[in-house]
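Data first, discussion second: the structure below is written as structure tokens.
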Amino acid sequence: MNQRRQGNGFPTDFLWGVATASYQVEGAVKADGRGPSIWDTFSHTPGTVLHGHTGDVSVDQYHRYEEDVALMREAGLGAYRFSIAWPRIQPDGSGAFNPKGFDYYKRLIDELHRAGISAVATLYHWDLPQPLEDAGGWPSRDTAFRYAEYALACFRELGDHVDMWITLNEPWCSAVLGYWEGHHAPGRRDVGDAWAAGHHLLLAHGLATQAYRAEHGSASPGAGTPIGISLNLYTPRAATNRKEDQDAVDRAWDLGARFFLDPLLGKPYPERHFKAWAPAPPPQVLDGDMEIIATPIDFLGLNYYFENAVASAPVGPEGGDGGGVPTHPEGFRHVPTHHERTAMDWPVVPRGLYRHLHWVWEHTDGRIPLYITENGCAVEDTLTRDGLRCHDSRRVAYLRDHFAAAREAIDEGVDLRGYFVWSLIDNFEWAWGYDRRFGVIYADYLDNRRIPKDSYFYLRDVVSGAERP
Ligand code: FCB
């Protein structure tokens with residue numbers, strides 16, 4: 001590769017950013033006409049979120065975005081990935097749009113642009129308007145069409161402002177955690193509903209991308225500002241080189257990766273997956289759905305946190321990993337590894353990111369530019385006694401090793417164009433509430449003070465080129 005490189009070893013035009021999501025940071029859940037989302041309902045249901053935490057206030061970015069943008073500017077960041085709260089834009093999930101909702105995102109984006117920071121907007125990061133859940137939620141086909149309408153309104157109203165669009169964040173989580181495992185909103189538990197939700201999420205993505213292309217008068221990538229999707233593809237490695245473990249890992253990729261990636265590439269769903277899960281019904285795929293889903297995207301966003309090791313296992317109730325993960329009828333189980341674990345109990349596997357990037361690059365035939373749209377870790381952070389600093393050395397090490405793994409993949413030809421650290425600031429970590437901290441900025445939830453951690457200063461030095469991971 002003869003790309004020009006900066007002091008950090010990354011290409012000169014590499015995009016460095018941080019990420020958040022609306023329900024996790026905005027607070028102000030009743031402000032300016034915002035309607036309720038499934039996460040408002042879920043977090044206010046006793047027993048769902050640790051300590052009964054909710055996103056009602058969080059770090060109040062809705063009112064404090066100027067402060068946050070200033071912190072991003074001082075770190076020299078090139079981009080901010082945030083999400084648009086559908087219930088701010090369209091409080092009922094259908095019908096009237098709310099101008100005050102659009103206004104907020106225009107103010108935020110203007111502030112970002114004044115600071116020289118690109119606006120990367122995710123259209124859906126899990127806060128479905130509650131009335132749509134009441135009408136059936138993602139297992140209902142109609143939700144995909146409601147989403148497309150909402151997305152089109154955003155393209156029209158915010159299209160001149162946004163620099164990159166991301167249709168969905170991690171549809172696997174929406175479908176599996178929301179409708180099958182029930183750990184996330186709306187907390188339903190039905191396998192067939194999860195597959196239906198997965199299909200309708202992908203259909204929603206396809207319909208919106210198609211509408212976007214139509215707005216720009218061209219069906220091909222490159223028309224308009226870039227549009228893509230963020231996936232948490234789960235690409236575990238085989239525990240050993242034995243054939244049966246290699247076969248098991250291949251089966252694990254069916255739900256972990258192929259279900260959500262293959263249709264985007266014009267390939268069918270992995271049939272083997274639905275067979276393994278019978279009698280749960282496969283999703284109802286209507287004529288034309290797969291073509292819509294395969295509408296070309298400009299980039300693929302990857303959210304990577306860890307990698308598991310998988311071994312072959314007999315199918316049956318005893319086939320589970322014993323750690324609360326449901327049995328995998330595909331016949332695999334997770335096995336322990338030597339890796340250090342984060343506060344989420346997720347293994348720290350920087351080589352896994354390297355393998356992941358290569359896996360995706362090969363699986364997509366090197367056709368689609370990639371971005372890491374989320375990577376980071378939860379640490380049990382504490383402030384120094386004077387309350388002014390947070391020495392999160394484990395996060396610094398985590399980021400350094402993952403940056404290095406990404407750079408190695410770039411050196412070997414993977415077209416990785418940017419990297420967004422999760423997260424700008426500690427926030428509402430879904431079912432874990434405020435108990436897990438992912439930020440490079442510490443949030444003091446008592447007075448909403450922001451305290452940059454050591455990892456914030458480390459990130460600043462990597463972006464400037466002073467540090468080479
Ligand atoms: C991802 C989510 C993000 C955050 C991180 C830790 O799955 O997209 O909102 O919760 O995990």
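Along the sequence shown, residues carry numbers from 1. Order of listing sets the numbers, starting from 1, for every ligand and every atom in it.
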Quiz item: Less than 6.0 Å separating the ring centroids of Y371 and Y419?
Solution: no
Quiz prompt | Donor-acceptor pair between H200 and T143 side chains, under 3.5 angstrom | solution = no
Exercise. Determine, for D32 against R88, whether the closest basic-nitrogen to carboxylate-oxygen distance falls under 4.0 angstrom.
Key: no
Report each N/O pair between ligand 1 and the protein that falls under 3.5 Å, naming both atoms.
residue  : atom   : partner : partner atom : Å
ligand 1 : 7 (O)  : E170    : OE1          : 2.6
ligand 1 : 7 (O)  : E170    : OE2          : 3.1
ligand 1 : 8 (O)  : H125    : NE2          : 3.3
ligand 1 : 8 (O)  : N169    : ND2          : 2.9
ligand 1 : 8 (O)  : E170    : OE1          : 3.4
ligand 1 : 8 (O)  : E170    : OE2          : 3.4
ligand 1 : 8 (O)  : E374    : OE1          : 3.1
ligand 1 : 8 (O)  : E374    : OE2          : 3.1
ligand 1 : 9 (O)  : Q24     : OE1          : 2.7
ligand 1 : 9 (O)  : H125    : NE2          : 2.8
ligand 1 : 9 (O)  : W430    : NE1          : 3.0
ligand 1 : 10 (O) : Q24     : NE2          : 3.4
ligand 1 : 10 (O) : E429    : OE1          : 2.7
ligand 1 : 10 (O) : E429    : OE2          : 3.1
ligand 1 : 10 (O) : W430    : NE1          : 2.9

Exercise. Give the minimum heavy-atom separation between R188 and G136, together with the two atoms involved.
Key: NH1-O, 3.3 Å
Self-check item: Salt-bridge contact R81-E374 (side-chain N to carboxylate O under 4.0 Å)
Solution: yes
Quiz item: Is any side-chain N of the basic residue among D40 and R34 closer than 4.0 Å to the acidic one's carboxylate O?
Solution: yes
